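The model shown is predicted, which means the values in this text are computed figures rather than measured ones.
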Amino acid sequence: MSLSQKVKIARSTVTASYLILTLLVLFSTWQSISQNTETSWLLIVSVKCLPLLAFFPAVYLGHVRGLIWLCFVLCLYFIRAVGDYAAGQNLMISGALAVMSVILFSTILCFIKWNAQARRAA
């Protein structure tokens, strides 16, 4: 398998993983809003979803620097998911969020490595 094929596969995997993680975060947020009626829904959505949604252009365009910053943000989502899982809150969603965070983090690292090798080879 050539480097360009690896880069294409990694990029499509990053995009798919990002979309799945975004949907999981949105679903988790929707559950939080339905259970917690005292807090403003706009505040909950902005705190939980906007840090992840801010990186949509970087994922869509494949910008390496933006993807590196997304890895830092993914650490926060992973820590929160593991904490929720350990506390026994929404075990299915928390476990899925932790797993998808790891998958997205790993595929971003593979994309960055193979993209750099392909650029050096060209």
Worked check of side-chain contact (heavy atoms from CB on, under 4.5 Å) between R11 and V59: CA-CA 8 Å; R11 185 169 177 196; V59 172; over 6 Å; no

Side-chain heavy-atom pair [X], [Y] within 4.5 angstrom cut-off:
| X | Y | value |
| --- | --- | --- |
| K6 | Q117 | no |
| L50 | V45 | no |
| L74 | L21 | yes |

Once you round to the nearest 0.5 Å, how far does [atom1] of [X] lie from [atom2] of [Y]?
| X | Y | atom1 | atom2 | value |
| --- | --- | --- | --- | --- |
| F56 | L61 | CZ | CG | 8.5 Å |
| C49 | I44 | SG | CD1 | 10.0 Å |
| W114 | T107 | CH2 | OG1 | 9.5 Å |
| L53 | S46 | CG | OG | 11.0 Å |
| I108 | N115 | CD1 | CG | 12.5 Å |

Qualifying ring pair (Phe, Tyr, Trp, His ring centres under 6.0 Å) pairs with a residue from residues 10-35, counting only residues at least two apart or across chains: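 Every pair satisfying ring pair (Phe, Tyr, Trp, His ring centres under 6.0 Å) with a residue in residues 10-35: F27-W30.
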
Distance-minimising heavy-atom pair for G66 and A58: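 In terms of heavy atoms, the two residues are closest at CA-CB, 3.8 Å.
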
Consider only side-chain heavy atoms of I, L, V, M, F, W and Y, link residues closer than 4.5 Å, and tell whether [X] and [Y] are in one cluster.
| X | Y | value |
| --- | --- | --- |
| L26 | L19 | no |
| V82 | L76 | no |
| V14 | I20 | yes |
| F72 | F55 | yes |
| L43 | I33 | no |

Summary of side-chain hydrogen bond (donor to acceptor under 3.5 Å, both in side chains) pairs that have at least one residue in residues 52-77, sequence neighbours excluded: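 Found none.
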
Output side-chain donor-acceptor pairs under 3.5 Å for residues 84-106, partner residues at least two apart or in another chain, one line each.
{"residue": "N90", "atom": "ND2", "partner": "Q31", "partner atom": "OE1", "Å": "3.2"}
{"residue": "S94", "atom": "OG", "partner": "Q89", "partner atom": "O", "Å": "2.8"}
{"residue": "S94", "atom": "OG", "partner": "N90", "partner atom": "O", "Å": "2.9"}
{"residue": "S101", "atom": "OG", "partner": "L97", "partner atom": "O", "Å": "2.7"}
{"residue": "S106", "atom": "OG", "partner": "V102", "partner atom": "O", "Å": "2.9"}

